[in-house]
Amino acid sequence: NFGTVETIPEAFDREYLSPVQIGTPPQTVNLNFDTGSADLWVNTNETPENQQNGQVEYNPTLSSTAKKMEGATWDITYGDGSASSGIVYTDVVSIGGVTVQSQAVESAQQVSSSFQADAASSGLLGLAYGTINTVQPVQQKTFFENAMNDLASPLFTVNLMKQAAGSYDFGYINASEYTGEIQYTPVDNSRGFWGFNPSGFQVGNSSFNASSWYAIADTGTSLLLLPSGMVDIYWSAVSGAKFDALQGGYTFPCNTTLPSFTFGVEEYRGVIPGHFMNYAAITKTTCFGGIQSSDALGFSIFGDVALKAQFVVFDGGDNTLGWANK
Ligand SMILES: Cc1nn(C)c(C)c1CC(=O)Nc1ccccn1
């Protein structure tokens, strides 16, 4: 069993949305696949109207296979302060032809402002480890964990693109989606994330700085968040770049040519083109950087700015991450 689903970028590649079928007959909602969390939650008929902005809903009362998980609740707060909570159903969930017969589908009875404003996204589909799923009293598995044993290979791959359609593949590796060899590295899943140890970094064509630290591969985070020492070195190479406390990060003159950023994974070198580090224009002339500090988080996050330059294998069989350029 295997399948593939497209993933479409929103503005600035802020997030990527993929169609998911829930229930019988199938109801299609576009969800933000998030390798940094483990809850599958969705706007439903139970989400207050004043907390929505036109989002497509899943309505369990219209699904013959929906079952309420009696007494179950969920409540999640993300690192950026956004939050949601509610009750739980199980239902049939299909992604790209891969079907889980009884998947915990978390119905949002409360969503915070950033989710209310995001009209295109009906919710999140967590792809981190189920050890950080928030359902109580009985913690639930992710779609991938439920599907894994039926997949040809116990893995999914992520191929995000800059302002173009990419894909999530389940159960197989499509050799046409990357170049060179895939570099596998062990995952530290002790905190429920797809954690790994980068081996260093390089700005443009300057020398490689060997360094080992902890980072997570997180499709649900837009930026590349790294230790401030590295971030300062990167932006010191960009004329006119400055840390702007009001904007909460480094900004730079939009017409500047940006150097590439290369990260190491063991001997592998992942290359992020310079223009990927222009996240968004703040004014006509001032742009916000795609590389920012992770110092306030306590760990680094390889978010979409980095992932959209790579083909990444999330292997739940041997708990490894595979990295390749494309
Ligand atoms: C951990 C963290 N701290 N800070 C400042 C950020 C941005 C994060 C990552 C984060 O919040 N990701 C996220 C947000 C909403 C939905 C899914 N993922």
Side-chain angles (χ1 to χ4, degrees), residues 7-18 20 29-43 47 51 53 55 74-86 106 108 110-135 142-144 158 160 168 188-196 213-228 230-231 243-250 277 279-280 288-308 312 314:
T7 193
I8 309 297
E10 292 299 291
F12 312 125
D13 298 340
R14 176 177 60 81
E15 69 182 9
Y16 291 76
L17 300 177
S18 296
V20 176
V29 287
N30 293 325
L31 301 180
N32 178 0
F33 287 16
D34 180 15
T35 59
S37 67
D39 285 55
L40 192 175
W41 70 261
V42 61
N43 277 268
T47 311
Q51 292 186 25
N53 182 12
Q55 284 87 348
W74 61 282
D75 188 332
I76 192 165
T77 300
Y78 299 96
D80 64 356
S82 57
S84 48
S85 63
E106 302 169 28
Q110 180 276 327
V111 292
S112 64
S113 56
S114 62
F115 293 124
Q116 295 178 26
D118 191 354
S121 172
S122 295
L124 267 70
L125 187 133
L127 291 168
Y129 288 81
T131 50
I132 58 175
N133 172 268
T134 74
V135 175
T142 68
F143 171 84
F144 172 59
V158 178
L160 305 183
Y168 281 78
D188 169 357
N189 60 13
S190 58
R191 297 155 78 165
F193 299 123
W194 292 90
F196 68 105
W213 75 101
Y214 171 82
I216 69 170
D218 181 4
T219 57
T221 292
S222 309
L223 305 184
L224 172 53
L225 303 172
L226 296 173
S228 55
M230 302 179 188
V231 177
F243 184 85
D244 181 336
L246 189 69
Q247 295 299 336
Y250 276 93
M277 258 60 78
Y279 179 63
F288 191 75
I291 289 188
Q292 299 293 350
S293 171
S294 64
D295 289 2
L297 321 189
F299 54 89
S300 290
I301 300 181
F302 278 58
D304 300 334
V305 161
L307 299 177
K308 66 188 176 187
V312 190
F314 292 71

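As the structure is a computational prediction, the values presented were derived from the model and not from experiment. Both ligands and their constituent atoms are indexed starting at 1 by order of listing.
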Per the side-chain contact (heavy atoms from CB on, under 4.5 Å) rule, which among Ile132, Thr35, Asp218, Ile301 passes with Phe193? Ile132

Numbering as shown, the atoms of ligand 1 that approach [X] to under 4.0 Å (heavy-atom distance):
{"X": "Leu124", "answer": "16 (C), 17 (C)"}
{"X": "Asp34", "answer": "17 (C), 18 (N)"}
{"X": "Ser82", "answer": "15 (C)"}

Polar-atom distance check: [X] versus ligand 1, any N or O pair below 3.5 Å?
{"X": "Gly220", "value": "yes"}
{"X": "Gly79", "value": "yes"}
{"X": "Thr221", "value": "yes"}

Looking only at protein heavy atoms, which one is nearest to atom 7 (C) of ligand 1, and what is the separation?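 Ranked first by proximity to atom 7 (C) of ligand 1 is Asp80 CB, 3.7 Å.
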
Closest protein heavy atom (residue, atom, distance) for atom 3 (N) of ligand 1: Leu297 CD2, 3.2 Å

Tell me which part of Ile301 gets within contact of ligand 1: side chain, backbone, both or neither, using heavy atoms under 4.0 Å. side chain

Which bit of Asn32 gets closer than 4.0 Å to ligand 1, counting heavy atoms only: side chain, backbone, both or neither?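 Neither part.
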
Are Val20 and Phe143 packed together at the side-chain level, in the sense that at least one heavy-atom pair is separated by less than 4.5 angstrom? no

Any side-chain heavy atom of Pro227 within less than 4.5 Å of one from Ser293? no

Ser228 and Asp295: side chain donor to acceptor below 3.5 Å: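 On atom types as modelled, these side chains qualify, holding a pair under 3.5 Å.
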
Hey, are Ser82 and Ser112 close enough side-chain-wise for a donor-acceptor pair under 3.5 Å? no

Which pair of heavy atoms, one from Pro9 and one from Tyr16, lies closest together, and at what distance? CB-CE2, 3.5 Å

Salt bridge (charged side-chain N to carboxylate O under 4.0 Å, His left out), paired with Arg14, selected from Asp304, Asp80, Asp118: Asp118

